[in-house]
Amino acid sequence: MRFRLIIRLVAPALLVLAVVAVLVVSARHRRRASEPGRPSISAHGGGPGSTRMAAGTMDFPQPNRAWLRSMPFIATIQASGKAPSPAVIAALRRAAHAGRGPAMDRIGLLYVQGLGVGRNYAAAMRWYRRAWKAGCGRAAAGIGELYLNGWGVVRDTARAVRWFRRGTLRQSRLAMNDLGICALHGQGCRQDAGAALGWFKKAAALGDTGATMNLGSMYYLGLAVPRNLARALRFFNRAAAKGDAAAVGEAGFVYVTGGPGVPRDPSKGIKLLRKAAASGVGTAMGNLGYCYVLGWGVSRDYGTARRWLVRAAAMGVPSAMNGLARMYRGGLGAARDEKTALMWYHRAAAAGSRNAMCDVGDAYAAGTGVKRDYAVAMAWYRRAAAAGLGRAMDAVGVMWLNGRGVARDYGQALAWFRRGAAAGSVRAMANLGNMWFRGIGVARDFSQAGAWYRRAAEHGSTAAMCALATMLVRGQGGPPEYGKALAWLRRAAAMGSAAAMDDLAGMYCRGLGVPRSVTGSLAWYRKAAAAGSSEAMLNLGAAYTHGLGVPKDLAKAKAWFEKAAKAGDLRAKQALEELKVLAPVPKKK
């Protein structure tokens with residue numbers, strides 16, 4: 001959809017000024033390729049929803065799900081970091097020798113933690129097996145976790161799952177939670193988010209705090225259930241009420257970010273994050289760092305942000321390592337340093353961060369901080385995709401689409417975009433819309449394109465909202481629906497989309513769904529220009545050139561064209577040259 005103020009409002013007599021007409025009739029599809037939802041396939045990186053980082057911006061992390069922490073004893077160990085007194089250990093041993101299974105299980109846990117006794121996985125296994133024989137169902141979780149992590153035994157995820165299942169038969173809530181984690185990741189069993197949700201619900205009903213946390217995260221992310229922030233917050237608060245410091249931090253995160261059903265309350269969120277951080281929760285420290293980067297609930301302070309992120313990174317929090325990488329990459333609080341950024345991405349990837357794996361792929365694909373190598377980039381994208389990251393699946397699809405690191409194959413691109421969309425990648429949804437819209441690898445189908453754009457738009461993609469509005473105005477896939485187009489454009493504009501503001505200006509310019517209004521059109525062009533749209537700057541310059549809705553003022557026209565040129569628009573340079581025809585520089589006497 002391309003709206004041009006000059007074309008729509010200038011009288012035919014004025015259109016003889018071809019130089020200006022040429023300026024304002026250039027194609028609207030001059031959108032950044034990184035914005036999904038337009039007729040061109042979006043490249044990986046940049047644009048809304050990307051984890052790439054431009055100067056002054058940073059992606060806020062997802063909630064720090066319990067199952068994405070370091071795997072060791074995700075649910076079983078709630079270590080305080082303090083060793084029990086010798087008297088307590090002696091009492092446990094007496095109870096264990098008296099045949100009490102729970103005491104045996106607790107001694108096994110102490111050997112795993114190395115608290116009050118030397119860390120000894122073999123001893124832990126012996127005590128867990130004794131506890132199991134004594135009828136303690138919780139011991140199955142301990143045995144399973146030893147196999148899951150390969151501590152003192154050969155790592156065997158299938159065997160771990162079998163032990164977790166045994167524990168569930170004795171109503172072990174810890175085994176239920178661990179089984180849910182394995183089902184979620186497909187470790188030792190088929191990956192099944194629905195089964196994971198079921199196990200978390202059972203464990204939470206028995207009072208397991210970790211499972212309650214995991215339920216909150218499932219609802220936050222919309223895994224196997226519709227995304228519901230209010231319900232997620234209730235689960236986080238329920239776990240926090242049981243004394244789980246990490247849950248306090250998760251609730252704080254939700255209050256800071258807000259969303260449907262949960263109004264933002266940055267002040268309350270920051271208090272909760274500080275409380276969790278003071279309790280030693282590394283993820284809360286990392287999220288505090290992000291808050292200082294973004295200025296959410298606190299004054300923006302890159303120095304303080306870096307200190308919190310460093311503390312969290314030292315505790316092994318992958319998202320904090322990612323945050324440091326993005327600060328270096330964006331030059332936030334320090335000189336831009338791509339090599340140091342890449343080092344932190346590698347550390348985060350080694351710590352298991354799927355996003356970091358994808359970011360390393362981005363670095364190799366773009367040649368930032370390292371020599372460009374599409375084959376290596378593809379390897380990293382595949383690694384992140386294998387870990388279940390939707391945006392990595394989308395990136396793999398883009399590589400197949402463009403023939404980077406692989407021979408171009410539209411069928412593979414389509415398949416990977418479908419996988420990414422199924423995994424929740426909004427970019428992949430938009431790219432599927434693009435493929436159907438343009439008929440790339442498939443027969444052109446506006447109905448399919450509109451459906452995918454709508455899905456991406458409903459997940460918050462402003463570019464998809466604009467693409468969907470374009471189809472609604474043109475009547476592609478059905479009769480024109482200006483009212484719906486306006487609604488999507490206003491929603492995208494409210495989210496800061498300059499493209500949507502441009503389109504709204506065009507709607508007012510042509511009187512589509514609203515009364516025709518030059519004033520209204522110019523108002524939206526001004527908003528779009530303030531949001532960085534060179535397109536709007538060009539149209540404002542044209543308006544002042546011809547006095548359309550504003551007094552004719554060639555000086556202001558020149559100023560707007562210069563702003564557009566500074567924004568990198570080559571057409572603006574041509575406009576400035578052509579403006580000299582209308583306002584020649586007086587010759588010196």
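Just so it is clear, the model here is predicted, and its values are computed rather than measured. Positions are given from 1 along the sequence.
- Side-chain polar atoms of Ser425 and Asp394 form no donor-acceptor pair below 3.5 angstrom.
- Under a 3.5 Å cut-off, the side chain of Arg329 and the backbone N or O of Glu338 do not form any donor-acceptor pair.
- Taking each heavy atom of Cys466 and Ala492 in turn, the nearest pair found is SG-CB, 4.5 Å.
- Under the 3.5 Å distance criterion, the side-chain polar atoms of Arg419 are left unmatched by any main-chain donor or acceptor of Met393.
- One finds a salt bridge joining Arg391 and Asp359 here, because a Lys/Arg side-chain nitrogen approaches an Asp/Glu carboxylate oxygen to under 4.0 Å.
- The only member of Leu512, Leu486, Val473, Leu489 that meets side-chain contact (heavy atoms from CB on, under 4.5 Å) when paired with Asp503 is Leu489.
- Side-chain atoms of Arg372 come within 3.5 Å of backbone atoms of Ala365 as a donor-acceptor pair (strictly under, hydrogens ignored).
- In summary, the aromatic rings of Tyr219 and Phe235 are positioned with their centroids under 6.0 Å apart.
- When all heavy atoms are compared, the tightest approach of Ala572 to Phe561 is CB-O, 3.3 Å.
- Note that the OG1 atom of Thr257 and the CG atom of Leu294 stand 11.0 Å from one another [nearest 0.5 Å].
- The main-chain N or O of Ala387 is found under 3.5 Å from a side-chain atom of Arg354 such that the two form a donor-acceptor pair.
- Geometrically, Arg264 engages Trp296 in a cation-pi contact defined by less than 6.0 Å to the ring centre and at most 45° from the axis.
- When every heavy atom of Ala456 is checked against every heavy atom of Val426, the shortest pair comes out as O-CG1, 3.6 Å.
- The aromatic rings of Trp380 and His346 sit perpendicular to each other, their planes meeting at more than 60°, with 30° as the lower class boundary.
- Side-chain atoms of Arg444 come within 3.5 Å of backbone N or O of Phe437 as a donor-acceptor pair.
- In summary, Glu535 and Arg571 engage in a salt bridge, as defined by a charged side-chain N under 4.0 Å from a carboxylate O.
- Within the cation-pi definition used here (under 6.0 Å to the ring centroid, within 45° of the axis), Arg227 qualifies as a partner of Tyr220.
- Judged purely by atom type and a 3.5 angstrom limit, Ser353 has no side-chain atom pairing as donor or acceptor with the backbone of Ala349.
- For the pair Arg491 and Trp488, the NZ or CZ position fails the cation-pi test of under 6.0 Å to the six-membered ring centre and within 45 degrees of the ring normal.
- Asn402 places no side-chain N or O within 3.5 Å of a backbone atom of Arg404 that could act as its donor or acceptor partner.
- Residues Ser447 and Trp436 fail the side-chain proximity criterion, which asks for heavy atoms closer than 4.5 Å.
- Leu223 and Leu184 get closest at one heavy-atom pair: CD1-CD1, 4.3 Å.
- Checking Tyr381 against Asp362 by side-chain atom types alone, a donor-acceptor pair falls below 3.5 Å.
- To the nearest 0.5 angstrom, Arg418 atom CZ is 6.0 Å from Leu432 atom CG.
- The two residues Ala528 and Ala498 make their nearest non-hydrogen contact at CB-O, 3.8 Å.
- Using a distance-only test at 3.5 Å, with no hydrogens or angles considered, a donor-acceptor pair links the side chain of His459 to the main chain of Arg455.
- The minimum heavy-atom distance linking Met501 with Ala531 is given by the pair SD-CB, 4.1 Å.
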